[in-house]
**Q** 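Take this structure, written in structure tokens, and hold onto it; I'll ask about it next.
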Amino acid sequence: MSNSKVEFRHDVHSLEVPVVSGALDIYVGDNINYNANGFAKAASDTATEKFAGIAMEELHVSATENSAAGKYAIKVLPAHAGNVVRRKLTATRATAIPGTDVYISKSDSATLKEVALATVSDNAVTNNVYVGKIAAFVSTTEVDVAI
């Protein structure tokens, strides 16, 4: 369920972040978190993680190739830089109120390439890994999020 139609402007600010060790399959458009040690990884609803941004490139490495944290890095559209991106929601909704906080969803973190987002009222959030605020309602399954 990766965002196959993600497009980035060429003038957008990006950040190169070192990734965790081990096997990784990161796709363009994936939500990326920092782990407790400050290394980037695919996002999950984990208490010790912080949202880092959106992957702007792919990275596919085996555990053998990526034997040490920081050996590889990935370019991300950074969090808290004022960007607005289209994201999927875990729960279908008829409306979405701009300004509502969104978080990494616990429902999708183990099964989807792109982790969907949820609001606290969706009951799909455990650890409140904050992503941003809803900027605009797009459809029953998508919103624009200011990250």
Side-chain angles (χ1 to χ4, degrees), residues 1-92 96 99-120 122-139 141-147:
M1 187 170 133
S2 185
N3 272 343
S4 58
K5 296 242 179 202
V6 174
E7 295 179 21
F8 296 103
R9 295 187 337 247
H10 292 288
D11 62 344
V12 73
H13 171 72
S14 65
L15 185 64
E16 191 90 5
V17 294
V19 298
V20 296
S21 62
L24 293 172
D25 281 308
I26 295 174
Y27 296 86
V28 172
D30 283 357
N31 294 317
I32 303 297
N33 281 359
Y34 291 116
N35 70 6
N37 296 318
F39 292 101
K41 61 178 283 302
S44 64
D45 182 21
T46 303
T48 58
E49 295 182 7
K50 301 287 183 215
F51 181 65
I54 310 294
M56 295 180 72
E57 60 187 5
E58 292 191 9
L59 178 63
H60 306 284
V61 293
S62 69
T64 304
E65 293 171 307
N66 190 22
S67 58
K71 183 174 181 181
Y72 290 90
I74 189 164
K75 189 186 324 182
V76 299
L77 181 68
H80 317 299
N83 296 298
V84 176
V85 292
R86 185 149 298 160
R87 303 276 71 189
K88 298 207 179 294
L89 288 171
T90 299
T92 301
T100 302
D101 291 342
V102 288
Y103 304 88
I104 297 296
S105 169
K106 68 180 179 186
S107 301
D108 299 328
S109 59
T111 58
L112 298 177
K113 294 288 184 200
E114 175 204 297
V115 178
L117 305 180
T119 64
V120 171
D122 295 330
N123 295 318
V125 174
T126 300
N127 293 296
N128 293 345
V129 180
Y130 179 77
V131 173
K133 294 189 179 295
I134 294 174
F137 176 76
V138 177
S139 72
T141 58
E142 291 183 317
V143 291
D144 286 343
V145 177
I147 61 170

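The shown structure was predicted, so the numbers you read here are calculated from the model rather than taken from an experiment. Side-chain atoms are counted along with the backbone in the values below, which use heavy atoms only and exclude waters and symmetry mates.
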**Q** Okay, side chain of T46, backbone of T48: is any donor-acceptor separation there less than 3.5 Å?
**A** no

**Q** Where does the angle between the aromatic ring planes of Y130 and H80 fall among parallel (under 30°), tilted (30 to 60°) and perpendicular (over 60°)?
**A** parallel

**Q** Dump the intermediate steps for side-chain contact (heavy atoms from CB on, under 4.5 Å) on E16 and M56, then the final yes or no.
**A** CA-CA 10 Å; E16 191 90 5; M56 295 180 72; over 6 Å; no

**Q** How would you list, by chain and number, every residue that makes a side-chain contact (heavy atoms from CB on, under 4.5 Å) with Y34, sequence neighbours excluded?
**A** L15, V17, A52

**Q** Return the CG to CG distance between N83 and L77, rounded to the nearest 0.5 Å.
**A** 4.0 Å

**Q** Can you give me the closest heavy-atom contact between A146 and A135, atom names plus distance?
**A** N-CB, 4.2 Å

**Q** Heavy atoms only: give me the nearest V76-A55 pair and the separation to one decimal.
**A** CG1-CA, 4.2 Å

**Q** To the nearest 0.5 Å, what is the distance between CD1 (I32) and CD (E49)?
**A** 10.5 Å

**Q** Going by side chain to side chain donor-acceptor pair (under 3.5 Å), name the residues that satisfy it together with D144, two or more places apart in sequence or in a different chain.
**A** R86

**Q** How about F51 and N33: do any of their side-chain heavy atoms sit closer than 4.5 Å?
**A** yes

**Q** I'd like to check the side chain to side chain donor-acceptor pair (under 3.5 Å) partners of S21; sequence neighbours left out, ordered by chain and number.
**A** none

**Q** Does K50 have any side chain to side chain donor-acceptor pair (under 3.5 Å) partners at least two apart in sequence or in another chain, and if so, which?
**A** none

**Q** Only counting residues at least two apart or in another chain, list the ones meeting ring-ring contact (aromatic ring centres under 6.0 Å, His included) with H60.
**A** Y27

**Q** Of all residues at least two apart in sequence or in a different chain, which pass the side-chain contact (heavy atoms from CB on, under 4.5 Å) check with S62?
**A** T64, E65

**Q** How close do G22 and V61 get, heavy atom to heavy atom, and via which atoms?
**A** O-CG2, 4.1 Å

**Q** Would you say the side chain of I54 lies within less than 4.5 Å of the side chain of N31, judging by non-hydrogen atoms?
**A** yes

**Q** Measuring from R87:CZ to I104:CD1, what's the distance to the nearest 0.5 Å?
**A** 8.5 Å

**Q** Look up atom CG in L24 and atom CG in L59, then write down how far apart they are to the nearest 0.5 Å.
**A** 5.5 Å

**Q** Answer yes or no: is there a donor N or O on one side and an acceptor on the other, between the side chain of N37 and the main chain of F39, under 3.5 Å?
**A** no

**Q** Using salt bridge (Lys or Arg N to Asp or Glu O under 4.0 Å) as the criterion, list what pairs up with K133, not counting sequence neighbours.
**A** D101

**Q** When you measure from the side chain of N66 to the backbone of V20, do you find a donor-acceptor pair of N or O atoms at a distance under 3.5 Å?
**A** yes

